[in-house]
Every structure is written in structure tokens, then in C-alpha cells.
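Please read the structure below before turning to the comments.
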Amino acid sequence: MDICFLTACELARKIRDEKLASADIFQSFSKRVLEYDKNINSFVECYDKPIYETKAGSSELCGVPIAIKNNICIEGREINCCSNILKGHVSAYDATVIKKIKSAGLNILGTTNMDEFAFGSSTETSAYGITCNPWDITRVPGGSSGGSAAAVAARLVPFALGSDTGGSIRQPASFCGVVGFKPSYGRVSRFGLVAFGSSLDQIGTLTRDFSDCADLLNIISGPDGFDATLSDVKVPDFRQYLRKDFSGLTAGVPIEFFEEGINPQVKNAVEEAINLLKDNRVRIKPISLPHTKYSIATYYIIASSEASSNLQRFDGIRYGLRVASNNLDDIYKKTRQAGFGDEAKRRIFLGTYSLSSGYYDAYYMRALKVRRLIQEDFKNVFDDVDVIITPTSPTTAFKVGEKSDPLSMYLSDIYTISTNLAGLPAVSLPCGFDDQGLPIGMQFIGKSFHEGDIIRLGYSYQNLTEYNRKAPVLNYE
Ligand code: GLN
């Protein structure tokens, strides 16, 4: 038995039955990272031994290793969001999700690579070098949580946390053939997540299947008193939705998401999955989300505006890099000039421009209005359907360096961004492979705080198919 090929739930069971010790599990994964991650570069830091003590039996998943995207604070560890401006900055506190993970007895194996400050869809903008897709190392793993997705796909860790502002969990999950879950806005505390777009960001999970996903969501969800946008809607036990049962579910299929720009193989795979669900008595209804065609434009104004304001704090005084000068203004300018990468600077330009007094009404205010229309689109269709099914991304993993203009990169999130604008829960799960052997993902979107519906649909679909059980062969040498 290869320990690293077991899921988190399987490992946890073996620990409970005293067939495996958590220390040995940790060592097996840490060894595997050493062996294979030189080709993938999914970890920024991988610990050679546990960094804190866990109490036996503190949760279902006690003793299982987990990886954390490098924009979530772990006390006493470097948090740098893969940006030069934050290199060397050590976190003074634990994010809420980290506190919860520690008290559930999970072992943090390390931190994962990402696009700088989570700006991107390919993990190519990291100050720690690109992450490669374990299915084909000449391709990207998606982004921005590309390190987390690649590590889970390559069985370097059983599961990982990521963050999703416009698709950053789901698009890499789709490119790497794993399950990427973004909860409803307000479900998981953002305390200790380095802010990108505060009205859009949500921490979520990258797992191999829905059982691990439900267990991990159980651990990280719920109020903490530190995030004012957290909802007090009761957190259910997500495991109760792990039922092989499609009964009574109606799924909407938005016509706009299958039109121009989609790769025919992706389209076919998602359509086939929809037919399989139909054969299993899920009611399928064509729907229309007419304003989602504006979601990329709307998102890039809102997300960049929020990002430009959130990034103001990195001024060379309080965190990380400081370019010395005896003039304060110079410290700010030179530090930011040297510390931020091109994409971060682009977002700052875009954001400060949209927020500037002369253009605020024309851009930012207008984007907020369109955001409302997109939210209304979802509200209208959710009167008739329980879930929405779409492709996750228009293509499978593209080649490293292939998308050199920002717009073509931005388009890879065309199907995921609208759910962040509307605050809805959504998940990407594997639904096939293309003729290059690359994973294809489909997306289920649920009503706000109805994560259970998409977990149930995902779990049932996963039990009908084999796609999420296939692992990439790591023979790169
Ligand atoms: N790719 C999108 C962007 O670049 C989304 C990133 C994210 O979700 N963090 O903004």
C-alpha cells in the first residue's frame, strides 16, 4: 500500500484503527515532496517534521497532513503571497482557518505556490518560479491556487487550502483533475487571509473527492468573531450530503456558457456528464444568465479597485521588503517599484484609475450596478433550479508561457467569476480527459449557503464515474 495514494478520510481511518501512525504519514508525504516537487514546484516550503503538536482524536481527520496556500497566515511562519515585497515576512498570528485546522489535529505539511497576491490563472507570476502541471510539466496548473491543486493531484499531500476571488480554486482544480470547492461568501472566515478583493475572496478546499471536501469544510467553516462579513447562517454537518441520491434535484444549464470560445472537447465532456445525470433522473433545464457576459469586465474593475486599496499597506515600513532611503516618499516608491511584479502593478493601475474621482462613477459605480444585475440573474433562475451546471474553464491546461497578453489570461476565468460576484458556492470536479490526457473540469453552482446541494450532486456523480480516481504518472526524469 502506498500511503500517499490514500485519501484524507482513508488515512484518518487507518490512524484511528492504529494501522498507521500520523508521524509516519507525515514522513511519507514529506519524502514524496522531496522526490517529485523539484519538477512540479508546488510547495514554497515543506516542513521535514510537524511544526506543532496535535492532540490525538481531536477530529475525524486528526493526524492527516494538509498544505496551505501561501496567503493564509500561520503563526511564526513566513507569509509572502509569493511576492518579493513580502519575502521574509513572518506571520504574527494564525488565520482562523489555521486555528481550526490545528485544533482539529491536522498536520500542516507546508505552504504552496501561487500567483503573486493571487493575481492570475496560471501560477506563472509567483516570485518562487512557476508551478508545473503534474499531468504534463510543460503546462500550467492553473491559478492562482496552482501549487495547492498540483500538490493534491500529484499526491504530494492529501488535501490543501486555497483561496478563490474569481476562480482561483476551481480553475486550477479543473486543470489538475481534483475537486476544488469555493464556499458561499461569508461561510469561512477571511481573518488571516491576505486580502485581494475583500468582497469576493473566500477560502476553500482542494481535495481528491467529496468525502474529504465535506470533512474539511466542516473543520474550516463557521463564525469566529473576527470577520464582520461572516454569516450567522447555521453551518450544517456537510457529511450528511454524502448520499448517492439525485432525487428531486433540478439542474439549470446556462446557454451562454456553451457558446463561442469553449474548446469542443471540454464542451462534449460537460454535455456527456449532463446526460449521465439526466439518465440518473436529475431534471435538466436550459436557463439563461444574460448579464454574466459582463462578468469579466465587472470583476476586473471591482477586484482591482479592492486590490489596489488592500495593497496600500505594503509600503516598505510595516512588512517585508524595504528599499532604504532617507526620504519617506522615496522608501514607498522604491519599495513598491522593486517589490511588486508586473501583474500586481497592472492591478494597482487599473484599480486606482477606476477609483479616482474623475472616473469613479463611470467605472467603479457602474461595475457595482452590473454586479447587482448579475446577482439578479442568479436569483431569478434559482426560483426554478437547485443547482447550475457549467464548464469550469473554456480549455484544459495551457502551455507555460502561452498566454502572454493579460486579456487572454483573464478569459480563462470566464465561467467562474460570476459566482464570486454573486457570492455563491461553487465546485469544480473532474468530468473527463481530452485527447492529450489532460483533465477536464465541470462546475456546479449552488444557492447561497446551500453548499449541501452541490456536495450531494458531486458525490453522487463521483460514484458513477472514475475520473477523480486517476492520478498523473510522475516519470519526469
Ligand atoms: N484569475 C483571476 C484573477 O486573476 C482570479 C484570481 C483569484 O481567484 N484569486 O484575478
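The analysis underlying the following values was restricted to heavy atoms, covering all of them including side chains, and did not include hydrogens, waters or symmetry mates. It should be emphasised that the depicted structure is a prediction, and the values quoted were computed from it without experimental measurement. First listed ligand is number 1; within each ligand, the first listed atom is number 1.
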- Message: Classify the ring geometry of Phe191 against Tyr93: parallel below 30°, tilted from 30° to 60°, perpendicular beyond 60°.
- Response: tilted
- Are Phe43 and Tyr128 close enough that their ring centres sit under 6.0 Å apart? no
- Task: Establish, yes or no, whether the cationic atom of Arg322 lies under 6.0 Å from the six-membered ring centre of Tyr332 and within 45° of the ring axis.
- Result: no
- Task: Determine whether the aromatic ring centres of Phe398 and Phe175 lie less than 6.0 Å apart.
- Result: yes
- Query: Within the distance-only criterion (no hydrogens, no angle test), does the side chain of Thr205 pair as donor or acceptor with the backbone N or O of Thr207 below 3.5 angstrom?
  - Reply: no
- Message: According to side chain to side chain donor-acceptor pair (under 3.5 Å), who are the partners of Lys334, at least two apart in sequence or on a separate chain?
- Response: Asp330
- Message: Residue by residue, ordered by chain and number, which ones reach under 4.0 Å of ligand 1 with a heavy atom?
- Response: Ala118, Phe119, Gly120, Ser121, Ser144, Asp164, Thr165, Gly166, Gly167, Ser168, Phe196, Tyr299, Tyr300, Arg347, Asp413
